[in-house]
Amino acid sequence: LKVHLLVYTSDPDRVCAIAALATRSSKDPADLKVSRAVAEKALKVTIASGHHSVLEHANFTFSISGVSRALTHQLVRHRIASYSQQSQRYVTLETPGYVTPDSISRDEQTLESYKSLLDGLWEGYKDLIAHGVPEEDARYLLPNAAETHMVMTMNARELMHFFRLRCCLRAQWEIRRLAFAMLKLVKNAAPVIFEDAGPSCFSGRCPEKGYPCRIKEAAERRLNKK
Ligand SMILES: Cc1cc2nc3c(=O)[nH]c(=O)nc-3n(C[C@H](O)[C@H](O)[C@H](O)COP(=O)(O)OP(=O)(O)OC[C@H]3O[C@@H](n4cnc5c(N)ncnc54)[C@H](O)[C@@H]3O)c2cc1C
């Protein structure tokens with residue numbers, strides 16, 4: 001899995017703080033000259049009050065690669081975002097690229113049989129294309145494991161929501177891994193906005209009542225790891 005923060009709103013914390021201050025000011029927002037400390041405090045108070053729409057002014061664009069179609073199928077369920085994904089219609093997948101879960105790779109025999117089944121599927125895919133079947137139909141053979149890449153843009157409000165759901169131990173491991181990698185990147189770019197970002201339990205309430213986990217401690221360890 002590779003994830004890069006390609007581009008984001010310049011100084012996201014300040015932009016969202018100006019938006020927060022504008023709602024309480026008689027001045028033209030363009031003329032609001034406040035110190036960093038005042039801006040940050042205003043933003044924190046606004047977020048704590050639940051006025052999360054100010055977070056929609058900060059956008060973050062990621063390049064995501066080396067992930068499975070199983071992951072992207074879950075990712076695109078998040079509707080407040082923009083996606084551009086590698087096409088299986090226009091791109092012929094020459095070499096088999098697939099993601100292997102740890103539960104499979106940890107056993108040599110299981111891994112061998114996984115690989116040989118996938119290689120067989122790729123042979124079949126290439127055979128179909130060689131027989132004149134278009135890529136858009138040959139891809140019906142390709143599995144959930146097939147590697148893919150995409151560019152995705154989300155605003156900070158949706159990212160907070162995404163992290164609440166997908167950093168949670170209830171989320172599937174691959175999307176959780178992606179969520180944590182994204183969280184590290186955006187925390188660096190906007191430390192105030194994402195101060196309490198993470199699974200729901202980071203900001204208090206666990207919606208997965210009764211599910212025994214120590215995700216909070218595990219997540220904090222993961223974020224502090226270089
Ligand atoms: C652990 C886990 C297990 C899951 N299991 C399944 C499963 O078995 N089957 C399955 O189908 N899905 C499953 N999902 C996907 C889940 O149901 C959501 O589709 C996905 O998490 C996207 O989140 P979302 O719907 O909150 O909102 P997003 O699309 O991220 O939108 C953000 C918020 O905007 C609002 N919003 C967006 N669109 C609308 C709308 N049309 N109307 C009203 N409000 C809207 C909502 O408040 C929403 O929470 C699972 C997700 C998780 C995290």
Side-chain angles (χ1 to χ4, degrees), residues 1-6 62-78 81 83-152 154 162-186 198-199 201 208 211-226:
L1 179 157
K2 278 200 280 182
V3 54
H4 295 281
L5 184 51
L6 290 181
F62 301 87
S63 115
I64 297 165
S65 59
V67 294
S68 70
R69 282 251 164 185
L71 179 147
T72 57
H73 187 77
Q74 299 172 78
L75 185 55
V76 300
R77 293 293 300 277
H78 293 277
Y83 303 96
S84 304
Q85 181 164 17
Q86 180 188 42
S87 168
Q88 286 185 338
R89 296 183 68 204
Y90 301 120
V91 178
T92 312
L93 302 169
E94 301 293 350
T95 47
Y98 46 83
V99 172
T100 306
D102 292 347
S103 60
I104 291 173
S105 63
R106 73 168 68 108
D107 179 76
E108 224 172 279
Q109 253 186 330
T110 315
L111 179 62
E112 270 317 301
S113 96
Y114 180 74
K115 279 183 172 168
S116 95
L117 285 165
L118 288 174
D119 288 344
L121 286 177
W122 248 277
E123 284 309 312
Y125 167 79
K126 282 197 272 185
D127 253 17
L128 289 177
I129 292 173
H131 284 87
V133 174
E135 279 82 350
E136 69 174 16
D137 293 340
R139 69 171 163 171
Y140 277 61
L141 275 183
L142 297 180
N144 268 331
E147 235 179 53
T148 182
H149 60 234
M150 62 159 56
V151 169
M152 177 188 76
M154 262 187 196
F162 174 75
F163 295 140
R164 274 193 292 276
L165 292 177
R166 303 300 184 172
C167 289
C168 175
L169 205 60
R170 287 295 255 184
Q172 185 259 348
W173 67 267
E174 194 184 8
I175 197 165
R176 189 170 67 244
R177 212 171 268 180
L178 170 71
F180 272 106
M182 287 166 53
L183 177 54
K184 262 192 163 180
L185 292 170
V186 297
C201 57
E208 300 281 355
Y211 186 72
C213 84
R214 297 176 61 80
I215 186 67
K216 195 162 183 206
E217 291 87 335
E220 275 161 0
R221 270 201 308 277
R222 204 158 174 170
L223 284 171
N224 292 329
K225 220 166 61 181
K226 283 278 168 251

Can you give each donor-acceptor pair under 3.5 Å made by side-chain atoms of residues 125-137, sequence neighbours left out, with the distance rounded to 0.1 Å?
residue	atom	partner	partner atom	Å
Y125	OH	L93	N	3.1
K126	NZ	E94	O	3.4
H131	ND1	D127	O	2.8
E135	OE2	T92	OG1	2.5
E136	OE1	R89	NE	2.5
E136	OE1	R89	NH2	2.6

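- Atom CE of M152 is separated from atom OG of S63 by 10.5 Å, given to the nearest 0.5 angstrom.
- Among all heavy-atom pairs drawn from V3 and A181, the shortest one is CG1-CB, 3.3 Å.
- Contact annotation: the side chain of P199 never approaches that of L169 to less than 4.5 Å [non-hydrogen atoms, C-beta and beyond].
- Across Q88 and A146, no two heavy atoms sit closer than the pair NE2-CB, 4.3 Å.
- Remark: E174 pairs with S68 by the side-chain hydrogen bond (donor to acceptor under 3.5 Å, both in side chains) rule, at least two apart or across chains.
- Although no hydrogens or angles enter the test, the distance criterion places no donor-acceptor pair under 3.5 Å between the side chain of R176 and the main chain of R166.
- Heavy atoms only, all atoms of each residue included: C167 and G198 are closest at CB-C, 4.2 Å.
- The side-chain hydrogen bond (donor to acceptor under 3.5 Å, both in side chains) search around D107 returns T110, not counting sequence neighbours.
- By the 4.5 Å heavy-atom criterion applied to side chains, R177 and Q172 are not counted as neighbours.
- The heavy-atom pair separating G124 from L141 by the smallest distance is C-CD1, 3.5 Å.
- Q85 places a side-chain heavy atom less than 4.5 Å from the side chain of T72.
- L75 has its side chain within reach of M150: a pair of non-hydrogen atoms, C-beta onward, lies under 4.5 Å apart.
- Within the 4.5 Å cutoff, side-chain heavy atoms of P101 are placed close to those of W173.
- Taking the side chain as every heavy atom from C-beta outward, Y83 and V151 never approach each other to under 4.5 Å.
- Classification of the H78-F162 ring pair by plane angle, with boundaries at 30° and 60°, yields perpendicular.
- Here Y114 contributes atom OH and I104 contributes atom CD1; the two are 4.5 Å apart, rounded to the nearest 0.5 Å.
- Residues that satisfy the side-chain contact (heavy atoms from CB on, under 4.5 Å) test with H149, not counting sequence neighbours, are S65, Q86.
- The shortest side-chain heavy-atom distance between L71 and T148 does not fall under the 4.5 Å cut-off.
- For the side-chain contact (heavy atoms from CB on, under 4.5 Å) test, residues two or more places apart in sequence or in another chain that qualify with N144 are A70.
- Closest heavy-atom contact between T100 and S105: CG2-CB, 3.9 Å.
- In this structure, the separation between CD1 on I175 and NE2 on H73 is 10.5 Å, given to the nearest 0.5 Å.
- Here the closest heavy-atom approach between residue A81 and residue M154 is recorded as CB-CG, 3.5 Å.
- Between V186 and F163 the shortest side-chain heavy-atom distance falls below 4.5 Å.
- The structure places OG of S113 at 8.5 Å from CD of Q109, a figure rounded to the nearest 0.5 Å.
- Looking at residues two or more places apart in sequence or on another chain, you find no side-chain hydrogen bond (donor to acceptor under 3.5 Å, both in side chains) involving H4.
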